[in-house]
Structures are given as C-alpha cells and as structure tokens.
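Submitted below is the structure of interest, expressed as structure tokens.
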There are 2 protein chains.
Amino acid sequence: MSEKELYDKLKIVVKEKALKYTKQRELILGTIYNSKIHLNAEQIHKKLTISNKDDQVGIATVYRNLLFLEETGLVLSISLDNSLKRYEINRHKHHDHLVCIHCGKIVEFINQNIEKEQEIIAKKHNFKLLSHTMHLYGECKACSKIDRV
Amino acid sequence: MSEKELYDKLKIVVKEKALKYTKQRELILGTIYNSKIHLNAEQIHKKLTISNKDDQVGIATVYRNLLFLEETGLVLSISLDNSLKRYEINRHKHHDHLVCIHCGKIVEFINQNIEKEQEIIAKKHNFKLLSHTMHLYGECKACSKIDRV
DNA sequence: ATCGATGCAAAAGTTTTGCATATAC
DNA sequence: GTATATGCAAAACTTTTGCATCGAT
C-alpha cells in the first residue's frame, strides 16, 4: 500500500464518520507509515516536532489521533514487555513479532501451525478465540556478535 | 509449593544476597501467592491496606519489592494488552495465557507443538530465542452466555 | 456558520526517587 | 552498630481532559 493509498483510506474513514480530514491526522499516520521501526506516542511526537518546525503538532493531538486511528483499524498497536505501546500500519496481514532484546529490531512472521494450535487450545478451554499476541524475544545475528558484560 | 516453602525460598534468596528478610517482603509475596487472580501493583497494595490495618505497607515498598521479586525470579509479570503489569508466583513451569476479555479470567496452558514451532521460527530468522509471551484473547463460556449490547 | 479538531496547560494515573527513620542482622 | 528497607512526600513520566480558539466542511 502506497502512502497516497493510505491517506485515501483515511479520507474515506473520516468521511464515513462525518469527521474532518486534518493535516495533523495525515502527519501522524504518515509518520507511522514512513518509520522503519515501530514508534511509540512520544517518538511520533518528537519526529513531528523536528520535521515540522512550521506546523507544530501537540502531544495531546498525537494521543487523540492514535486512539482514533486504532479504533478505525488503520493502525495497530503492540505492547511489548517493559516498554510503551508501539504503533504500526494495519496491512491486514495478521502477523506476530520476533523482537531483539538488544537492538529492538522487530521481525514480523506468521505460522499457520501455531494459528491452528491456538484455535484448538481455545476450544479445549471453552473459549471463543477473538485475537492473540505472540512475542518471541531473542538475540538477533548482529547483536550476537557484540561482546557483552 | 506451599506458602511456607515459598517463604523459605525468599529467605534463601535474601540471605544469598546479604539482604534483609522483612515482614513487608513476605506480605507482598504472600499476597501474590494467595490471590486466585493475577494482581497488579495497586491491587496488591490495596489488599495489604485492607488486611493489615496495624502494619501498613507503603506503595513505594510494593513497587520496590515487585521489582526485587521479579529480579530474583520468585515472581513473574505479565503485560496484557490495555492493562497494567500483573504478577504471578513463578512455579518454574513455563506456560502461556488464555484471557477472557470480559471477566479477565486467565487460564494457563502450555503446548509443545507451539514451543517447537517458535524455535524453528527464531532459527529461520537467525535469532537466538530467549523467551516469549503468547496471550490468547477470547470469550469464556460463562461470559458467552451474557447478552451484550 | 457549524461542529469537530487542535494546542495549551492543568489534571490524572502510574511508577520512581530522596531522605529521614526504622529495623534486620 | 551498620547497612538495608521502609514510609512519606515529592518528583518524574505517561496519558487524558477542559477549554478557548482554529479550521474543515
């Protein structure tokens, strides 16, 4: 999905709800889209503060729009152990996360065997499975080469 | 593991580190042990405030000891989506969590097929797997019977 | 012109820290 | 007696909210 396609989606969502398409909304969504890493609220705000000297975005607006974007399904959040919520664009391809505990690198993956097992587990315990999160924590190749105390 | 065995473990850990065995440490650990549900810091503090009218435990002491107990491996914490860290006694039986999104009920489970797949995934991406969390969110049997708007 | 969105600052909620005192050893 | 642990209050950090104003429609 291109950046423009994403903004078009936002425009549709906003119109459907009879809300307004603002520069700030677009900037926040664009910041998430253009980041190689999963940013948290404060990091998004900082990026905007640096890149948009002229047109400042308040931290409250960032929080309000992150809630909004998550509600609409345009973005997803992940809560890793010991860190704040981080945000990613919802590409509607479900995936789980493999995280390097040293450098924070995140690899997205999906495994159908695990997805199937999860359904079986839920069924066994009489739960209707609605969603799940799976986070694998480890040491990536690059970080394994660095000596640590 | 009985409550007494748990306190004995705490005594050993404390002695090893040349630290002190205090009533507060025991009370906090005991509160986690005796709770049927996974409590967060504030809930632990509240329980102690109610049950120990005579011998009050400060919230700072709760936080300091939760960190300490986690460091020593006596307790584990879980970070569920949209909620504060919750604590459980470390029974050294690794497990994952199935959570009811309505009532908060938590079922612990372990599935060897998934554990194996996780290793394979990490290897494929050149990660050394160190730990993981898996949280399945759903609706438990009891809650499925309640009409919701 | 209207009503939602924004920025600011204040408030709320959660966790950490400094310091004097208490207490385990 | 000594050093760690505690309680309290203050501070730090993260997120939410109230309100006047701005701006999209």
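Just so it is clear: chains get the letters A, B, ... in the order the sequence lines come, proteins before strands, and each one is counted from 1.
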Exercise for review: Using distance alone, with no hydrogens and no angle criterion, decide if B:E119 and B:H132 have a side-chain donor and acceptor under 3.5 Å apart.
Suggested key: no

Practice item. Compute the bend angle of the helix from C:dA1-D:dT25 to C:dC25-D:dG1 from the end axes (five pairs per end), rounded to 10°. Key: 30°

Point to revise | chain B contact limits on DNA chain C, taken 5' to 3' with a cut-off of 4.0 angstrom to heavy atoms | key: C:dT14 to C:dC25

Practice item. Hydrophobic side-chain clustering at under 4.5 Å (ILVMFWY, transitive links): who's grouped with A:L80? Put none if nobody. Key: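 Via sub-4.5 Å side-chain contacts, A:L80 links to A:I78, A:V99, A:I101, A:I106, A:Y137, B:L130.
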
Point to revise | Contact residues, residues 7-34 of chain B to DNA chain C [heavy atom, < 4.0 Å] | key: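 Output list: B:K20, B:Y21.
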
**Study point:** side chain to side chain donor-acceptor pair (under 3.5 Å) partners for B:D8, two or more places apart
**Key:** B:K4

Review point. How would you list, by chain and number, every residue that makes a ring-ring contact (aromatic ring centres under 6.0 Å, His included) with B:H45, sequence neighbours excluded?
Key: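 Applying ring-ring contact (aromatic ring centres under 6.0 Å, His included) to B:H45 gives none.
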
What donor-acceptor contacts under 3.5 angstrom involve side-chain atoms of residues 15-24 of chain B, with partners at least two apart or in another chain?
{"unit_1": "B:Y21", "atom_1": "OH", "unit_2": "B:E26", "atom_2": "OE1", "d": "2.6"}
{"unit_1": "B:T22", "atom_1": "OG1", "unit_2": "B:R25", "atom_2": "N", "d": "3.2"}
{"unit_1": "B:K23", "atom_1": "NZ", "unit_2": "B:E26", "atom_2": "OE2", "d": "3.4"}

Point to revise | Single-linkage hydrophobic cluster A:I110~B:M134, side-chain heavy atoms < 4.5 angstrom | key: no

Point to revise | Residue list, side chain to side chain donor-acceptor pair (under 3.5 Å) with B:S79, at least two apart or on another chain | key: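 Listed in chain order: nothing, the list is empty.
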
Practice item. Take atom OH of B:Y63 and atom P of D:dA11, then tell me their distance rounded to the nearest Å. Key: 19 Å

Check your understanding: Can you list, by residue number, the residues of residues 70-78 of chain A that have a non-hydrogen atom closer than 4.0 angstrom to DNA chain D?
Key ->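 Residues of residues 70-78 of chain A that come under 4.0 Å of DNA chain D do not exist, since none gets that close.
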
Exercise for review: Report the residues that fulfil side chain to side chain donor-acceptor pair (under 3.5 Å) with B:E139, sequence neighbours left out, ordered by chain and then residue number.
Suggested key: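 Residues passing side chain to side chain donor-acceptor pair (under 3.5 Å) with B:E139: B:H102.
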
Practice item. Check every strand shown and say whether B:L84 touches a base, only sugar-phosphate, or nothing at a heavy-atom separation below 4.0 Å. Key: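 The residue B:L84 makes sugar-phosphate contact but no base contact.
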
Practice item. Please answer: with hydrophobic residues joined when any side-chain heavy atoms are less than 4.5 Å apart, are B:L6 and B:L76 in the same cluster? Key: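 Shared cluster, no.
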
**Study point:** Rounded distance (Å) that lies between atom P of D:dT16 and atom CZ of A:R64
**Key:**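 The distance from CZ of A:R64 to P of D:dT16 comes to 11 Å, rounded to the nearest Å.
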
Practice item. Rounded to the nearest angstrom, tell me the gap between atom CG in A:L67 and atom C1' in D:dT14. Key: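 That distance rounds to 13 Å.
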
Exercise for review: Salt-bridge test for B:E70 and B:K85: reply yes if a basic N is under 4.0 Å from a carboxylate O, no otherwise.
Suggested key: yes

Check your understanding: So does A:N40 get a side-chain nitrogen or oxygen closer than 4.0 Å to the phosphate oxygens (OP1/OP2) of D:dT15?
Key ->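 Answer is no, no contact under 4.0 Å.
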
Practice item. Just jot down the side chain to side chain donor-acceptor pair (under 3.5 Å) partners of A:R64, sequence neighbours excluded, or say none. Key: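 Listed in chain order: nothing, the list is empty.
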
Review point. Nearest 0.5 Å, what's the CD1-OH distance between A:I28 and A:Y87?
Key: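 Rounded to the nearest 0.5 Å, the CD1-OH separation comes out at 11.0 Å.
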
Exercise for review: Give the other cluster members for B:I12, using side-chain heavy-atom distances under 4.5 Å between Ile, Leu, Val, Met, Phe, Trp and Tyr residues; answer none if it is isolated.
Suggested key: none

